[in-house]
Amino acid sequence: MKPGRFTYHAPTRLEEVLGLLAEHGDEAKVLAGGQSLMPLLNFRLARIGHLVDINRLGTRFSAPVIEPGRITIPALVRQRHVEHSEELLAALPLLGQALREVAHPQVRNRGTICGSLAHADPAAELPAVMSVLDTTFTLASARGTRTVEVADFFQFHWTTALEPDELLLEVTIRRPPPGTVTVFREFATRRGDFALAGVAVACRLDDTGAVADCRIAASGVAPTPRRLAAAESRILGSTLDPETLAAAEGAARAEVDPATDIHASAHYRRRLTGVLVKRALADAASQDTERREARQV
Ligand code: FAD
């Protein structure tokens, strides 16, 4: 298991990274945590001419920025860093809920948040998470910087809005409105494996327990994270009672069209998506009840 020949670059400044990507374009790959790229290179599923290792960029690329209205996660923030940051998890608990399901601690020690998003595996947890949060992607190249909203970032299996000469510089997540409850649920055959399907939910209930706003996205059932618009609209304005949960389950099941592969049939994934949506919404309802009860004490 040895990769093909390539030229290794270890730039220390952002301008150098962007210069290398501009010069080598299609032949180059960025190396962040290496947890997806190195297996691909070692198995020769990918071949490249130039490897641009960004790990020597300064500490500003590995430190999240937490502001009152938003959280910015630059290119070299490791998944494990986020998982252990009380401040980040208080602001965005959904990240912690999902990261616990990503691979194993050893992988998360090196793997970056931005690397997972740039890699865009259809079964990955973080793209679905970003799809229910207000997330903006900042893409940098020698030509300049541009921003892309999450709805336009993921384009197909392992394909994003990133051009070959662009670096995903950072992602910015606006803090969800007060009262938002979040849940991540998935099913994998073994702990740490990529899941057969997963569901991310960000929901805000009003004082009567009725759903005022809700975003639901599924992973593993489409080439990109799939917002479940029919399930979302089915629960809007309703309390999350058993009848509404059953209706959301049915709506979710009907609106996904997954593929059959060696791990599971399309039929199984479709049913699984419905069950995960129902359970995630039930979790959201209990979280909201606990939150309101705690406020009354
Ligand atoms: P790298 O491997 O360095 O890069 C991945 C790709 O993204 C490459 O094409 C690279 O060029 C590109 N890239 C990286 N950073 C940037 C950037 N800033 N700008 C532009 N392009 C960039 N992931 C899951 O989501 N769920 C799982 O259950 C899961 N299980 C795993 C199990 C194992 C055993 C392993 C080895 C990995 C698993 N992963 C899983 C993948 C893991 O989460 C990776 O860390 C992640 O997908 C990629 O992050 P990275 O920083 O390692 O990126």
Side-chain angles (χ1 to χ4, degrees), residues 1 3 6 8-9 11 14 17-18 20-22 24-43 45-57 61-62 72-83 95 97-131 137-141 145-146 148 153-154 157-171 184 186-198 200 219-220 224-225 263:
M1 290 205 304
F6 56 78
Y8 173 76
H9 305 269
L14 178 62
V17 170
L18 302 184
L20 286 162
L21 292 177
H24 300 295
D26 283 333
E27 276 191 289
K29 277 280 178 200
V30 168
L31 176 72
Q35 298 304 303
S36 295
L37 183 58
M38 292 318 297
L40 286 175
L41 293 177
N42 287 342
F43 283 115
L45 294 168
R47 282 173 188 264
I48 53 167
H50 297 266
L51 187 67
V52 182
D53 182 348
I54 59 172
N55 286 276
R56 287 177 181 74
L57 288 178
F61 294 91
S62 50
T72 301
I73 302 181
L76 279 173
V77 175
R78 311 281 169 195
Q79 295 162 7
R80 200 77 173 140
H81 179 131
V82 173
E83 203 183 333
L95 276 182
Q97 293 155 4
L99 280 170
R100 280 195 289 275
E101 309 289 346
V102 173
H104 309 279
Q106 294 87 339
V107 172
R108 301 196 296 269
N109 273 335
R110 291 298 299 170
T112 60
I113 300 287
C114 285
S116 174
L117 298 171
H119 189 56
D121 191 303
E125 290 80 358
L126 295 178
V129 163
M130 298 304 165
S131 299
F137 293 70
T138 303
L139 282 42
S141 71
T145 300
R146 64 185 176 116
V148 176
F153 184 74
F154 299 105
H157 300 104
W158 300 286
T159 307
T160 68
L162 280 162
E163 295 292 340
D165 66 340
E166 285 181 315
L167 179 77
L168 175 54
L169 193 62
E170 60 193 25
V171 289
F184 191 88
E186 70 172 35
F187 178 74
T189 39
R190 289 183 311 181
R191 181 143 191 90
D193 281 0
F194 277 99
L196 297 182
S219 56
T224 60
H263 303 293

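Heavy atoms only: backbone and side chains are in, while hydrogens, waters and symmetry mates are out. One-based numbering, in listed order, for ligands and for the atoms of each. Each residue takes its place number in the sequence, starting with 1.
- Distance from atom 10 (C) of ligand 1 to its nearest protein heavy atom, with residue and atom name: V30 O, 3.0 Å.
- At least one N/O-N/O distance between A32 and ligand 1 falls below 3.5 Å.
- Where the criterion is an N or O separation shorter than 3.5 Å, residue side chain and backbone included, H104 fails it with respect to ligand 1.
- Residue D193 touches ligand 1 through its backbone alone, judged by heavy-atom distances below 4.0 Å.
- The protein atom (non-hydrogen) at minimum distance from atom 36 (C) of ligand 1 is Q35 O, 3.4 Å.
- The OG atom of S141 sits 9.0 Å away from atom CG of L21, with the distance rounded to the nearest 0.5 Å.
- The protein heavy-atom contact nearest to atom 21 (N) of ligand 1 is A118 CB, 3.5 Å.
- A donor-acceptor distance shorter than 3.5 angstrom exists from the side chain of T159 to the backbone of H157, with no hydrogens or angles considered.
- In this structure, the protein non-hydrogen atom closest to atom 31 (C) of ligand 1 is A103 CB, 3.2 Å.
- In this structure, NZ on K29 lies 13.0 Å from CE on M38, to the nearest 0.5 angstrom.
- Compare V107, L168, L167 by their heavy atoms: the one nearest to atom 42 (C) of ligand 1 is in V107.
- The closest protein non-hydrogen atom to atom 47 (O) of ligand 1 is S36 OG, 2.8 Å.
- Proximity to G192 (heavy-atom distance under 4.0 Å) selects the following atoms of ligand 1: 28 (O), 30 (N).
- Between G34 and ligand 1, an N or O atom pair is found at a separation short of 3.5 Å.
- Interface of A124 with ligand 1, defined as ligand atoms under 4.0 Å from a residue heavy atom, comprises 25 (O).
- Q79 places a side-chain N or O within 3.5 Å of a backbone atom of T112 that can act as its donor or acceptor partner.
- Within the structure, the closest approach of L126 to ligand 1 does not fall below 4.0 Å when heavy atoms are considered.
- Closest to atom 14 (C) of ligand 1 by heavy atom, among G115, A75, C114, is G115.
- With E27 contributing its side chain and G25 its backbone, the two residues share no donor-acceptor pair below 3.5 Å.
- Within the set E170, R78, E125, Q106, the minimum heavy-atom distance to atom 26 (N) of ligand 1 is found for E125.
- H119 ND1, 3.7 Å is the protein heavy atom nearest to atom 6 (C) of ligand 1.
- Residue-to-ligand polar distances place G33 within reach of ligand 1: an N/O pair is separated by less than 3.5 Å.
- In this structure, the side chain of D53 does not engage the main chain of V30 through any donor-acceptor pair within 3.5 Å.
- Applying side-chain contact (heavy atoms from CB on, under 4.5 Å) to F137 and the options V171, L169, L162, T160 leaves one that passes, V171.
- Salt bridge annotation for E83-R78: absent, with no cationic side-chain nitrogen under 4.0 angstrom from a carboxylate oxygen.
- When only non-hydrogen protein atoms are considered, atom 51 (O) of ligand 1 lies nearest to T112 OG1, 2.6 Å.
- For R108 (side chain) and V102 (main-chain N/O), a donor-acceptor pair under 3.5 Å exists by modelled atom type.
- E101 places no side-chain N or O within donor-acceptor distance of the main-chain N or O of A98, the cut-off being under 3.5 Å.
- Residue F184 holds its CZ atom at 11.0 Å from CZ of R100, rounded to the nearest 0.5 Å.
- Counting only heavy atoms of the protein, atom 29 (C) of ligand 1 lies nearest to F194 CZ, 3.4 Å.
- In this structure, H50 and H24 have parallel ring planes: the angle between them is below the 30° cut-off, well short of the 60° mark.
- Remark: ligand 1 and L37 share an N or O pair separated by less than 3.5 Å (distance only, no angle test).
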